[in-house]
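One structure is given here, and the rest of the page talks about it.
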There are 2 protein chains.
Amino acid sequence: MLIRIDPTSSVAIYDQLAAAIRGGVAAGDIRAGQRLPPARELAASLGINVHTVLKAYAALRDEGLLHVRRGRGAVVTDVRPGEVELSRAVAELLAVGRRNGLSLTQIHHALDQGAES
Amino acid sequence: MLIRIDPTSSVAIYDQLAAAIRGGVAAGDIRAGQRLPPARELAASLGINVHTVLKAYAALRDEGLLHVRRGRGAVVTDVRPGEVELSRAVAELLAVGRRNGLSLTQIHHALDQGAES
DNA sequence: AAGGATTTGTACGTATGTATC
DNA sequence: TGATACATACGTACAAATCCT
């Protein structure tokens with residue numbers, strides 16, 4: 001897939017890149033399980049900085065679209081459309097719960113209470 | 001409030017700082033509407049880099065704890081996270097799960113799976 | 001209204017740590 | 001052991017939004 005970056009755009013470069021990758025996945029240009037180019041490589045080919053690529057990767061990881069891990073690279077999540085938002089909602093609840101000092105069991109309990117109402 | 005950073009800790013500095021601010025808000029040391037020190041200033045007083053402070057501020061903003069805007073600084077949100085934030089995350093997960101045809105049990109299962117990774 | 005000061009946002013550069021292969 | 005690749009942190013510079021005079 002071809003990614004173009006417009007440095008004159010008011011949209012941030014990392015945002016342009018993230019959008020391009022999102023689109024590539026949605027369009028099927030990038031398949032589930034497929035690994036994206038290493039950040040340094042992609043940065044070099046696009047003429048941008050590694051940080052900028054890593055920031056885009058991190059954003060997509062937070063969305064649940066990518067699995068990004070040290071030494072492994074960025075791999076497109078193997079989930080069906082719709083499951084991305086599910087895993088993101090799961091991740092958010094876990095993050096919020098733990099931030100407030102809740103155990104996994106307590107988070108489950110909160111889920112049950114929320115389901116009653 | 002006093003913030004201490006342990007550079008030898010395995011916990012990332014920006015994470016330590018974010019946790020310290022969260023704790024300060026929770027403990028009432030920092031009140032709603034109060035403005036945090038400029039990133040550069042706080043960075044200098046803690047002996048860390050501006051980026052590190054900004055990353056902590058951005059994380060807290062994503063959590064909804066802070067309003068961070070150019071020229072204005074970082075202001076503590078008037079709504080206290082906690083129950084409100086938790087119930088919102090619960091509601092979102094339930095909504096997303098049911099939209100995708102999951103039962104409550106299946107949502108619990110998704111939560112467990114998310115907790116593993 | 002205009003301009004300067006303040007403050008975060010983004011981007012680039014570089015170095016080191018850590019997990020994976 | 002070594003190579004690969006992301007994670008974090010520090011440094012610097014400029015842009016953009018806001019505030020104040």
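A note on names: the letters A, B, ... follow the listed sequences, proteins ahead of strands, and every chain is numbered from 1.
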Contact list (N/O, under 3.5 angstrom) for nucleotides 1-4 of chain C vs protein:
none

Go through [options] for me and flag the one nearest to the [X] side chain.
{"X": "Leu54(B)", "options": "dC6(D), dG9(C), dA9(D)", "answer": "dG9(C)"}
{"X": "Asn49(B)", "options": "dT16(C), dC10(D), dC12(C)", "answer": "dC10(D)"}
{"X": "Arg72(A)", "options": "dA17(D), dA19(C), dC21(C)", "answer": "dC21(C)"}
{"X": "Arg35(B)", "options": "dT7(C), dT12(D), dC6(D)", "answer": "dT7(C)"}
{"X": "Arg70(B)", "options": "dT10(C), dT18(C), dA5(D)", "answer": "dT10(C)"}
{"X": "Ile13(B)", "options": "dC6(D), dA11(C), dC10(D)", "answer": "dC10(D)"}

Below the 4.0 Å mark, does [N] have OP1 or OP2 next to a side-chain nitrogen or oxygen of [X]?
{"X": "Lys55(A)", "N": "dT10(C)", "value": "yes"}
{"X": "Thr52(B)", "N": "dT8(D)", "value": "no"}
{"X": "Tyr14(B)", "N": "dT8(D)", "value": "yes"}

Does the side chain of [X] reach to within under 4.5 Å of the side chain of [Y], using non-hydrogen atoms?
{"X": "Ile21(B)", "Y": "Tyr57(B)", "result": "yes"}
{"X": "Leu111(A)", "Y": "Leu111(B)", "result": "yes"}
{"X": "Arg22(B)", "Y": "Leu60(B)", "result": "yes"}
{"X": "Leu65(B)", "Y": "Val25(B)", "result": "yes"}

Judged by atom type as modelled, is there a donor-acceptor pair below 3.5 Å linking the side chain of [X] to the main-chain atoms of [Y]?
{"X": "Arg69(A)", "Y": "Val75(A)", "value": "no"}
{"X": "Glu41(A)", "Y": "Pro38(A)", "value": "no"}
{"X": "Gln16(A)", "Y": "Val11(A)", "value": "yes"}

What is the distance, to the nearest angstrom, from the [atom1] atom on [X] to the [atom2] atom on [N]?
{"X": "Arg69(B)", "N": "dT10(C)", "atom1": "CZ", "atom2": "P", "answer": "14 Å"}
{"X": "Leu66(A)", "N": "dC6(D)", "atom1": "CG", "atom2": "P", "answer": "11 Å"}
{"X": "Leu42(A)", "N": "dT4(D)", "atom1": "CG", "atom2": "C1'", "answer": "16 Å"}
{"X": "Glu41(A)", "N": "dA5(D)", "atom1": "CD", "atom2": "P", "answer": "7 Å"}
{"X": "Leu60(A)", "N": "dC6(D)", "atom1": "CG", "atom2": "C1'", "answer": "15 Å"}
{"X": "Leu17(B)", "N": "dC10(D)", "atom1": "CG", "atom2": "P", "answer": "11 Å"}
{"X": "Ile5(B)", "N": "dT8(D)", "atom1": "CD1", "atom2": "C1'", "answer": "14 Å"}
{"X": "Ile48(B)", "N": "dG11(D)", "atom1": "CD1", "atom2": "C1'", "answer": "14 Å"}

Has the side chain of His51(B) got a donor or acceptor that lies under 3.5 Å from a partner of the other kind on the base of dT12(D)?
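Side chain to base: pair found, below 3.5 Å.
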
Between Val11(A) and Ala39(B), which has a closest nucleotide on DNA chain C that is more 5'?
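Nearest nucleotide further toward 5': that of Ala39(B).
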
Test: Arg88(B) and Glu92(A) ion pair at under 4.0 Å
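Here Arg88(B) pairs with Glu92(A) in a salt bridge, since their nearest N and O are under 4.0 Å apart.
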
